[in-house]
Amino acid sequence: MTIPPTIASTPWGQAPEGPVTRFTLTNASGNTVAILSYGAIVQSVKIDGKEMTLGFDSLEGYLGVNPGYGATIGRYANRIGGAAFTLNGTRYEVDANEGKNQLHGGTEGFNSRVWDAEPFSRDTEAGVTLRLVSQDGDMGYPGELRVRVTYTWSDDNALRIDYAATTDQDTVVNLTNHTYFKLGEAETVLDYILQVDADRFIPVNDEQIPTGEILPVTETPFDFRSPKRVGEDIDADHPQVQAAGGFDHSLAISHYDGSLREVALVMDPHSGNQLRCWTTEPAVQVFTTNFPTGKYKMRGDAPTPRYGGICLETQHFPDSPNHDAFPTTVLKVGETFNSTTIFRFE
Ligand code: BGC
């Protein structure tokens with residue numbers, strides 16, 4: 001007998017912009033995903049009752065200082081150098097929130113907005129569609145952007161994320177999800193085995209802004225084409241990992257063609273749990289939670305350990321609006337931005 005998926009909606013506190021709802025999606029195996037209308041955040045993924053993400057158990061944590069746990073990041077995920085770009089001959093200055101650069105959409109990125117949310121269910125899946133209108137000039141970006149993020153949780157423990165956006169003036173868009181995965185009890189992800197189908201990476205300067213090069217991963221710490229322990233090269237004598245204190249780099253998917261493809265696999269040898277990732281995006285920002293232990297807190301008010309989680313941020317290259325050689329992030333009037341990422345827990 002198949003048990004239909006269920007959705008529970010719970011009031012989850014008050015953000016400055018308004019009340020927040022949490023949607024708990026339960027599949028036929030009893031595994032759950034919880035989504036917040038605040039930040040379109042993935043607040044929790046539980047498989048066999050075990051939490052698979054870093055995050056908080058109340059809204060206060062998300063309203064306070066945190067490194068974007070589970071959040072939907074936009075209008076432009078990752079960095080924009082000098083917090084400025086030129087589009088159609090006009091220079092746009094966007095909100096600088098990391099020195100003179102912009103990170104993750106600025107001070108009031110999409111991760112700190114209250115989204116309209118609508119749950120749905122079908123035969124073997126349950127989901128939530130979240131909608132946000134980002135005004136013309138929001139954080140400095142041109143055009144009113146209408147964004148839709150749909151989370152679908154299916155009976156095979158796959159969390160599918162579909163993004164769509166339209167604009168009334170040409171603009172730039174780069175959307176991602178910033179979930180920190182933690183697949184078992186181990187304190188860090190250093191023993192996890194990672195495989196990424198990426199043959200090049202995007203080197204960055206000392207402010208983590210792309211130099212403009214796209215370099216082969218061959219004989220660098222960024223070569224995850226064959227499964228490799230995350231900790232193996234995390235402190236390698238390579239200027240890019242040394243500067244970032246670990247992995248915090250955009251890996252360019254091999255033979256990118258925009259189709260939905262399996263691009264990454266993470267395996268925790270201690271728990272035996274693994275995570276498989278598919279995306280239509282040209283890159284994955286692999287981020288190994290390089291912050292010093294205790295810089296941020298997480299569930300239970302515990303200090304987040306250095307290397308305590310791993311993010312697979314499927315997205316375009318950082319700072320693309322300033323690099324003509326990178327795949328374009330321009331969204332024109334009349335076009336629809338579409339992208340899909342799937343995280344399947346195995
Ligand atoms: C960035 C990191 C940043 C983290 C938290 C990641 O996407 O690449 O540099 O520290 O997000 O904002």
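Ligands are counted one by one from 1 in listed order, and the atoms in each one are counted from 1 as well. This structure is a prediction, so every number in the text was calculated from the model and none was measured.
Here is the list of ligand 1 atoms found below 4.0 Å of a heavy atom in Gln208: 9 (O). In the vicinity of Pro67, heavy-atom distances shorter than 4.0 Å reach the ligand 1 atoms 5 (C). Listed by number with element, the atoms of ligand 1 under 4.0 Å from a non-hydrogen atom of Tyr180 are 5 (C). Atoms of ligand 1 lying under 4.0 Å from any heavy atom of Leu103, numbered from 1 in the order shown and given with element: 12 (O). Listed by number with element, the atoms of ligand 1 under 4.0 angstrom from any heavy atom of Asp248 are 1 (C), 2 (C), 8 (O), 9 (O).
Exactly one residue among Asn157, Asp156, Thr152 makes a side-chain hydrogen bond (donor to acceptor under 3.5 Å, both in side chains) with Ser154. That residue is Asp156. None of Thr171, Leu132, Val172 except one satisfies the side chain to side chain contact (heavy atoms under 4.5 Å, CB included) rule with Arg75; the exception is Thr171. The side-chain hydrogen bond (donor to acceptor under 3.5 Å, both in side chains) with Thr340 is formed by just one residue from the set Thr314, Asp162, Thr150; it is Asp162.
Under 4.0 Å from ligand 1, not a single heavy atom of Tyr296 appears.
Between Phe23 and Tyr151, the ring centre distance reaches or exceeds 6.0 Å. In summary, the aromatic rings of Phe317 and His323 are positioned with their centroids too far apart to meet the 6.0 Å limit.
Residues Ile80 and Asn322 approach most closely at CG2-ND2, 3.9 Å, considering heavy atoms. The minimum heavy-atom distance between Tyr76 and Arg79, with the atom names listed, is CE2-O, 4.1 Å. The minimum heavy-atom distance linking Tyr192 with Val266 is given by the pair CD2-CG1, 3.6 Å.
At the shortest separation from atom 10 (O) of ligand 1 among protein heavy atoms lies Phe291 CE2, 3.5 Å. What sits closest to atom 11 (O) of ligand 1 on the protein, heavy atoms only, is His178 NE2, 2.8 Å. Atom 12 (O) of ligand 1 has as its closest protein heavy atom His104 CD2, 3.4 Å.
In terms of polar-atom proximity, defined here as any N/O pair under 3.5 Å, Arg79 does make such a contact with ligand 1.
Across Glu313, Gln315, Gln285, heavy-atom proximity to atom 7 (O) of ligand 1 is greatest for Glu313.
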